[in-house]
Colleague: 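The structure that follows is given in the form of structure tokens.
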Amino acid sequence: MSLTVPFAACSPRAAPSLRSTFREGAALQVRTAPPRTRPAARTGLKIYQFGFLKKLGLEKPEFLPDFGAPKRKLLLEGFFSSINQDVLANTLSDDFKFSDRDRVYTKDEFAQVLKSVKAAIPDFQWHASTDGLADKKDKKARVEVRITGTHTGAPLAFPGLKEVPSSGKKVDLPSAKYLVSVEEGRITSIEADRESGSSLLSLYAAVGGVAQVAS
């Protein structure tokens with residue numbers, strides 16, 4: 001940056017050699033350093049993970065927001081968007097439980113159920129949506145689910161229930177809320193809404209299955 005200053009404005013005390021270099025009325029160009037700028041003030045408060053509170057057996061203060069919601073949302077969206085066996089293996093904990101009315105499936109049983117669903121209903125979709133937020137009381141995320149699909153593939157088989165031959169029936173079940181627990185980046189449990197229709201047992205009944213123990 002440069003600044004042009006009239007020669008007459010120079011101090012009388014300037015060095016004679018400098019004053020003699022310029023004629024009266026000439027202009028003196030002075031080079032100045034660029035203005036210094038201060039870094040912007042940090043107005044946000046950076047909050048770190050509160051895992052140490054859990055180790056101490058303490059709860060995260062309620063006034064703090066749910067910092068894990070974005071990761072939880074991403075995990076749940078990835079799970080409900082696919083029933084690929086690799087996805088199940090990487091997202092479900094070893095002690096995972098799926099509760100559907102009076103039935104509870106282990107991780108392996110749940111994987112077999114979804115494998116059968118995929119073979120029987122090739123266009124099966126969960127149509128799930130969630131914000132990833134965990135409820136302050138039960139610490140579980142809410143996932144809105146609406147099951148759709150057409151039974152055009154293999155017979156539908158659930159543990160302890162009779163197979164349902166391919167029926168060709170198109171299914172569009174009412175939406176339901178699932179309660180999902182997530183710990184350390186893994187889904188530990190899913191509870192299907194007992195009152196509404198979009199559960200796996202409701203899907204089984206919708207294609208013609210009868211929910212009774214097979215003989």
Side-chain angles (χ1 to χ4, degrees), residues 49 51 54-55 66 68-135 137-149 151 153-164 171 173 175-207 209-214:
Q49 293 182 349
K54 184 177 180 180
K55 293 179 180 179
D66 186 357
K71 288 185 178 180
R72 196 178 299 113
K73 174 180 169 66
L74 188 63
L75 173 69
L76 296 177
E77 287 178 341
F79 169 77
F80 282 104
S81 65
S82 171
I83 56 175
N84 180 284
Q85 295 296 310
D86 290 337
V87 172
L88 297 181
N90 293 328
T91 57
L92 303 182
S93 65
D94 292 338
D95 59 349
F96 169 83
K97 296 289 187 296
F98 182 87
S99 301
D100 191 350
R101 300 181 187 176
D102 58 344
R103 296 177 181 271
V104 178
Y105 301 106
T106 64
K107 179 179 180 178
D108 290 340
E109 290 172 338
F110 183 66
Q112 288 303 313
V113 167
L114 291 188
K115 185 176 181 179
S116 175
V117 168
K118 186 64 176 177
I121 307 173
D123 59 345
F124 171 87
Q125 293 286 334
W126 290 107
H127 298 287
S129 63
T130 181
D131 56 12
L133 293 171
D135 185 83
K137 292 183 179 180
D138 59 22
K139 311 302 181 186
K140 297 174 182 179
R142 270 58 179 168
V143 182
E144 191 82 15
V145 174
R146 182 176 63 85
I147 292 176
T148 64
H151 189 197
L156 181 62
F158 280 17
L161 299 176
K162 291 182 179 180
E163 284 188 352
V164 181
V171 176
L173 299 178
S175 62
K177 277 189 172 62
Y178 283 14
L179 307 184
V180 184
S181 295
V182 177
E183 294 182 13
E184 298 179 356
R186 296 269 181 153
I187 299 173
T188 58
S189 70
I190 298 177
E191 301 171 43
D193 190 337
R194 290 175 174 268
E195 303 299 328
S196 54
S198 275
S199 69
L200 293 179
L201 286 178
S202 297
L203 174 66
Y204 175 83
V207 297
V210 179
Q212 63 182 30
V213 178

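Keep in mind it's a predicted model, so treat the numbers as computed, not measured.
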Colleague: Could you pull out the closest heavy-atom pair between Leu75 and Thr91, with the gap in Å?
Modeller: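 Smallest heavy-atom distance, with atoms named: CD1-CG2, 3.8 Å.
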Colleague: Test side-chain contact (heavy atoms from CB on, under 4.5 Å) on Val171 and Ile121; report intermediate values, then the result.
Modeller: CA-CA 10 Å; Val171 176; Ile121 307 173; 5.7 Å; no
Colleague: Is the shortest side-chain heavy-atom distance between Phe79 and Leu92 below 4.5 Å?
Modeller: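 Side chain of Phe79 against side chain of Leu92, heavy atoms only: contact under 4.5 Å found.
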Colleague: Walk me through it: do Ser189 and Val180 pass the test side-chain contact (heavy atoms from CB on, under 4.5 Å)?
Modeller: CA-CA 6 Å; Ser189 70; Val180 184; over 6 Å; no
Colleague: Can any side-chain N or O of Asp100 pair as donor or acceptor with the backbone N or O of Leu200 at less than 3.5 Å?
Modeller: yes
Colleague: I'd like to check Leu201 versus Leu161 (side-chain heavy atoms, cut-off strictly below 4.5 Å). Are they in contact?
Modeller: yes
Colleague: I'd like to check Ser129 versus Val143 (side-chain heavy atoms, cut-off strictly below 4.5 Å). Are they in contact?
Modeller: no
Colleague: May I ask you to check whether Arg101 and Ser202 show a side-chain donor-acceptor distance below 3.5 Å?
Modeller: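 Result is yes, a qualifying pair exists.
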Colleague: How long is the gap from CH2 on Trp126 to OG1 on Thr148, to the nearest 0.5 Å?
Modeller: 11.5 Å
Colleague: What residues, two or more places apart in sequence or in another chain, satisfy side-chain hydrogen bond (donor to acceptor under 3.5 Å, both in side chains) together with Lys97?
Modeller: none
Colleague: Taking Pro122's backbone N and O only, do any of them form a donor-acceptor pair with Lys118's side chain (distance below 3.5 Å, no angle check)?
Modeller: yes
Colleague: Heavy atoms only: give me the nearest Val104-Ser99 pair and the separation to one decimal.
Modeller: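 Heavy atoms only, the tightest pair is CG2-OG, 3.9 Å.
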Colleague: How close do Glu144 and Ser175 get, counting heavy atoms only, and between which atoms?
Modeller: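 Looks like OE2-OG, 3.2 Å.
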Colleague: How many angstroms lie between atom NE2 of His151 and atom CG of Leu203, to the nearest 0.5 angstrom?
Modeller: 9.0 Å
Colleague: Once you round to the nearest 0.5 Å, how far does OG of Ser198 lie from CD1 of Ile147?
Modeller: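 These two atoms lie 5.0 Å from each other.
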Colleague: Can you classify the ring geometry of Phe158 versus Tyr105 as parallel (below 30°), tilted (30 to 60°) or perpendicular (above 60°)?
Modeller: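 Phe158 vs Tyr105 ring planes: perpendicular.
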Colleague: Report yes if some heavy atom in the side chain of Phe80 is under 4.5 Å from a heavy atom in the side chain of Ile190; otherwise report no.
Modeller: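 Answer yes - side chains close enough.
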Colleague: Determine whether Ser181 and Lys139 satisfy the following criterion, side-chain contact (heavy atoms from CB on, under 4.5 Å), listing intermediate values before the conclusion.
Modeller: CA-CA 7 Å; Ser181 295; Lys139 311 302 181 186; over 6 Å; no
Colleague: What distance separates Leu76 CG from Ile187 CD1, expressed to the nearest 0.5 Å?
Modeller: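 Leu76 atom CG to Ile187 atom CD1 measures 5.0 Å (nearest 0.5 Å).
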Colleague: Could you check whether any side-chain N or O of Ser81 sits under 3.5 Å from a backbone N or O of Glu77, counting only pairs where one atom can act as donor and the other as acceptor?
Modeller: yes
Colleague: What heavy-atom pair brings Asp193 and Ala176 nearest, and what distance separates the two atoms?
Modeller: CB-CB, 4.0 Å
Colleague: Is Asp131 salt-bridged to Lys73, going by a charged N under 4.0 Å from an acidic O?
Modeller: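 Judged by the 4.0 Å cut-off on N to carboxylate O distance, Asp131 and Lys73 do not form a salt bridge.
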Colleague: Closer than 3.5 angstrom, by distance alone: can the side chain of Lys115 be matched with the main-chain N or O of Gln85 as a donor-acceptor pair?
Modeller: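 Looks like no, no N/O pair under 3.5 Å.
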Colleague: So, for Ser199 and Ala192, which heavy atoms are closest and what is the spacing to 0.1 Å?
Modeller: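 Nearest heavy atoms, Ser199 then Ala192: CB-CB, 4.0 Å.
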Colleague: Quick check for you: to the nearest 0.5 Å, what is the distance between Lys162 atom NZ and Tyr204 atom OH?
Modeller: 8.0 Å
Colleague: Would you say Glu109's side chain and Thr106's backbone share a donor-acceptor pair under 3.5 angstrom?
Modeller: yes
Colleague: Mind running side-chain contact (heavy atoms from CB on, under 4.5 Å) on Thr188 and Glu183 for me, showing each step along the way?
Modeller: CA-CA 7 Å; Thr188 58; Glu183 294 182 13; 4.0 Å; yes
Colleague: State, to 0.1 Å, how close Ala157 and Glu163 come at their nearest heavy-atom pair, and which atoms those are.
Modeller: CB-CG, 3.7 Å
Colleague: Going by side-chain hydrogen bond (donor to acceptor under 3.5 Å, both in side chains), name the residues that satisfy it together with Asp95, two or more places apart in sequence or in a different chain.
Modeller: Ser93
Colleague: To the nearest 0.5 angstrom, please state how far the CZ atom of Arg142 sits from the CG atom of Asp135.
Modeller: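 Result: 4.5 Å between the selected atoms.
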